[in-house]
Amino acid sequence: MKVLGILGSPRIGGNSDVLLDQTLAGAREAGAEMEKIMLSQKKILGCLDCGKCNETGVCVIKDNMGEIHKKILEADAVIHSVPVYFWAMTSQMKAYLDRWCAFFDEQWNMQKAYRPKFKGKKIGLITVCGDSNVSTADPIVHSFKRTSEFAGLTWIGAVQASAGSKGEIARNEAVKRKAFDLGKEAATP
Ligand SMILES: Cc1cc2nc3c(=O)[nH]c(=O)nc-3n(C[C@H](O)[C@H](O)[C@H](O)COP(=O)(O)O)c2cc1C
């Protein structure tokens, strides 16, 4: 099993990063191979809605999304981790997610060539918000869950956490355990 972790926070060592590491540790314990991608260290431009990928399944923009696109196709599970910025996901994560456009054809069906790669692929999410009410991140959960259904992926759930200062979440053993268990679930065939 290959588990891919996608970090949408620009704060390396921050709360979403700490929880994503927990998830990847859970996946490793379950025997998976794992890789983490930090979106803020990549160049990923926004979707242009040029429609070219509808025919080819490949985006015309030459940036780092091409290599990430291939890693998503090869992974058995993809876990995203992102903080709430103004009641939504970060711009890094949104630019990345919009580029999933290249997986679909003109009718918004999964490209034929990618269907076998997406079948059975798992997807999960970690959110962190400064608000003590973790449901502040519900719009992000909605976005990923609906995208997951739309792409025919297997949704394995969301871990929603609350923390403000950098790395503060490291003291929250209960949510770290949930993130770890999400990783184990991701790595279980
Ligand atoms: C630009 C910006 C906007 C934010 N907007 C919100 C918000 O709307 N709601 C909220 O609960 N927290 C908000 N936060 C707080 C972060 O979600 C919180 O600090 C989180 O722990 C950051 O996670 P990280 O350490 O993984 O980057 C915001 C932080 C920043 C920098």
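We count ligands from 1, going down the list as the structure has it; atoms in each ligand are counted the same way. The model shown is predicted, which means the values in this text are computed figures rather than measured ones.
In the vicinity of Ser9, heavy-atom distances shorter than 4.0 Å reach the ligand 1 atoms 24 (P), 26 (O), 27 (O). Taking a cut-off of under 4.0 Å to the non-hydrogen atoms of Arg11, the atoms of ligand 1 that pass are 19 (O), 21 (O), 22 (C), 23 (O), 24 (P), 25 (O), 27 (O). Of all the atoms in ligand 1, the ones that sit under 4.0 Å from a non-hydrogen atom of Gly164 are 19 (O), 21 (O). If you number the atoms of ligand 1 from 1 as listed, the ones under 4.0 Å from a heavy atom of Gly130 come out as 10 (C), 11 (O), 12 (N), 15 (C), 16 (C), 17 (O), 18 (C).
Glu168 places no side-chain N or O within 3.5 Å of a backbone atom of Ala163 that could act as its donor or acceptor partner. Here the side chain of Lys121 pairs a donor or acceptor atom with the backbone of Leu73 at under 3.5 angstrom. Between the Ser81 side chain and the Ser16 main chain, a donor and an acceptor come within less than 3.5 Å of each other.
Asp105 has no carboxylate O lying under 4.0 Å from a charged side-chain N of Lys112, or vice versa, which leaves the two without a salt bridge. Ion pair Arg146/Glu149 flagged as a salt bridge, since at least one NZ, NE, NH1 or NH2 atom sits closer than 4.0 Å to an Asp/Glu carboxylate oxygen. Using a cut-off of 4.0 Å between Lys/Arg side-chain N and Asp/Glu carboxylate O, Lys2 and Glu35 are scored as not salt-bridged. Looking at Lys71 and Glu74, no side-chain N of the basic residue comes within less than 4.0 Å of a carboxylate O on the acidic one, giving no salt bridge.
Checked against a 3.5 angstrom limit, the closest N/O atoms of Thr136 and ligand 1 fall outside it. On a distance-only criterion, Asp17 and ligand 1 share no N/O pair closer than 3.5 Å. Below 3.5 Å of separation, one finds no N or O of Pro83 facing any N or O of ligand 1. Considering backbone and side-chain atoms together, Gly14 places no N or O closer than 3.5 Å to any N or O of ligand 1. No N or O atom of Lys166 sits closer than 3.5 Å to an N or O atom of ligand 1.
Closest to atom 9 (N) of ligand 1 among all protein heavy atoms lies Val84 CG1, 3.6 Å. The single protein non-hydrogen atom nearest to atom 20 (C) of ligand 1 is Ala163 O, 3.5 Å, given as residue, atom name and distance. Counting only heavy atoms of the protein, atom 8 (O) of ligand 1 lies nearest to Trp87 N, 2.9 Å. Ranking protein heavy atoms by distance to atom 1 (C) of ligand 1, first place goes to Phe86 CE1, 3.7 Å. In this structure, atom 11 (O) of ligand 1 lies nearest to the protein heavy atom Asp131 N, 2.8 Å. Tyr85 CD1, 3.6 Å is the protein heavy atom nearest to atom 2 (C) of ligand 1. Nearest protein heavy-atom neighbour of atom 26 (O) of ligand 1: Ser16 OG, 2.4 Å.
Leu39 and Ile126 sit in two unconnected hydrophobic clusters of ILVMFWY residues. Membership requires side-chain heavy atoms under 4.5 Å apart, directly or through other members.
The aromatic rings of His69 and Tyr114 stand perpendicular to each other, their planes meeting at an angle above 60°, with 30° marking the opposite boundary. Below 30°, between 30° and 60°, or above 60°: for Tyr96 and Trp100 the angle between ring planes is above 60°, a perpendicular geometry.
The NE2 atom of His80 sits 5.5 Å away from the CE atom of Met93 when rounded to the nearest 0.5 Å.
In Cys129, the parts holding a heavy atom less than 4.0 Å from any atom of ligand 1 are both the side chain and the backbone.
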